[in-house]
Peer 1: 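One structure follows; several queries about it will come next.
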Amino acid sequence: MKKQMITLFAATLLTIAGFSQNHDNHNHATTGNTTPVVVTETIKFPETTHDFGKIPQGKPVTYIFTFENTGKDSLKLDNVQASCGCTTPEWNKTPVAPGIKSTIKVGYNAAAEGPFEKTITVYYNGGQTKVLVIKGAVWKTPDQSAPTNQALNIFKQ
């Protein structure tokens with residue numbers, strides 16, 4: 001009887017150990033759709049980066065990015081957000097019909113001297129995003145106006 005109890009106990013332990021093993025390499029039936037969802041881009045920008053080049057300090061600049069709705073349904077810009085407060089985007093809040101072009105106007109306040117690169121994230125159609133970039137270099141303007149040219153006084157006499 002004792003031998004049967006030991007055999008039964010050993011068999012139980014082996015059965016429990018077998019069920020607790022990880023079966024990651026086995027083919028298990030999955031639920032739901034396993035086909036990857038392909039999201040087609042419905043917004044097309046001819047250019048996503050604009051270089052202002054060298055601009056004078058204290059002179060705000062603007063650039064207009066153009067885009068087209070390449071989808072089959074209306075395109076809605078949910079939000080357009082700049083990476084900092086020195087960049088201000090403006091856009092039309094009404095949906096853009098398929099095949100129609102629209103614009104996003106981006107302003108940059110050139111207050112700080114030196115190179116800059118700022119991003120503008122366009123949120124559209126309830127979760128899709130596109131990133132625009134503006135860049136350039138701000139050169140320091142003189143603290144005072146140019147000195148008077150005394151040679152001009154000769155011509156005034």
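Predicted model, so just to flag it, every value in this text is computed and none were measured.
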Peer 1: Not counting sequence neighbours, which residues clear ring pair (Phe, Tyr, Trp, His ring centres under 6.0 Å) with Tyr124? List them please.
Peer 2: none
Peer 1: List the steps and the verdict of ring-ring contact (aromatic ring centres under 6.0 Å, His included) for Tyr108 and Phe116.
Peer 2: CA-CA 10 Å; Tyr108 176 70; Phe116 68 91; 4.0 Å; yes
Peer 1: Walk me through whether Thr42 and Asn125 qualify under side chain to side chain contact (heavy atoms under 4.5 Å, CB included).
Peer 2: CA-CA 9 Å; Thr42 58; Asn125 284 356; 3.2 Å; yes
Peer 1: Are Ile104 and Val131 in one and the same hydrophobic cluster, where Ile, Leu, Val, Met, Phe, Trp and Tyr link if side-chain heavy atoms are under 4.5 Å apart?
Peer 2: no
Peer 1: Is any side-chain heavy atom of Tyr123 closer than 4.5 Å to a side-chain heavy atom of Leu77?
Peer 2: no
Peer 1: Is any side-chain heavy atom of Val133 less than 4.5 Å from a side-chain heavy atom of Glu117?
Peer 2: yes
Peer 1: List the atom of Lys135, the atom of Thr49, and the distance in Å for their closest heavy-atom pair.
Peer 2: CE-CG2, 3.9 Å
Peer 1: For Gly107, is there any backbone N or O sitting under 3.5 Å from a side-chain donor or acceptor partner on Thr62?
Peer 2: no
Peer 1: Any luck finding a side-chain donor-acceptor pair between Ser74 and Asn69 under 3.5 Å?
Peer 2: no
Peer 1: Look at the rings of Phe45 and Phe67 and say which category their plane angle falls in: under 30° parallel, 30 to 60° tilted, over 60° perpendicular.
Peer 2: tilted
Peer 1: About how many Å separate CH2 of Trp139 and NZ of Lys54, when rounded to the nearest 0.5 Å?
Peer 2: 10.0 Å
Peer 1: Taking the side chain as C-beta and beyond, is there a heavy-atom pair between Lys105 and Pro89 under 4.5 Å?
Peer 2: no
Peer 1: Gln81 side chain to Thr121 main-chain N or O, any donor-acceptor pair under 3.5 Å?
Peer 2: no
Peer 1: Taking atom CD1 of Ile43 and atom OG1 of Thr129, what is their separation to the nearest 0.5 Å?
Peer 2: 10.5 Å
Peer 1: Test of understanding: clusters of I, L, V, M, F, W, Y form through side-chain heavy atoms closer than 4.5 Å, transitively. Do Val138 and Val61 belong to the same one?
Peer 2: yes
Peer 1: Would you compute the distance between atom NZ of Lys118 and atom CD1 of Ile134 and round it to the nearest 0.5 angstrom?
Peer 2: 8.0 Å
Peer 1: Could you tell me the separation between the CG atom of Leu132 and the OG1 atom of Thr87, rounded to the nearest 0.5 Å?
Peer 2: 11.5 Å
Peer 1: Look up atom SG in Cys84 and atom CD1 in Ile120, then write down how far apart they are to the nearest 0.5 Å.
Peer 2: 9.0 Å
Peer 1: Evaluate side chain to side chain contact (heavy atoms under 4.5 Å, CB included) for Asn79 paired with Trp91, printing each intermediate quantity in order.
Peer 2: CA-CA 9 Å; Asn79 193 13; Trp91 71 98; 3.5 Å; yes
Peer 1: Apply the test side chain to side chain contact (heavy atoms under 4.5 Å, CB included) to residues Gln128 and Glu41: give CA-CA distance (whole Å), side-chain angles for both, the deciding distance (0.1 Å), then the verdict.
Peer 2: CA-CA 8 Å; Gln128 294 179 309; Glu41 197 168 88; 5.8 Å; no
Peer 1: How would you list all residue pairs meeting salt bridge (charged side-chain N to carboxylate O under 4.0 Å, His left out) that involve residues 73-99, not counting sequence neighbours?
Peer 2: none
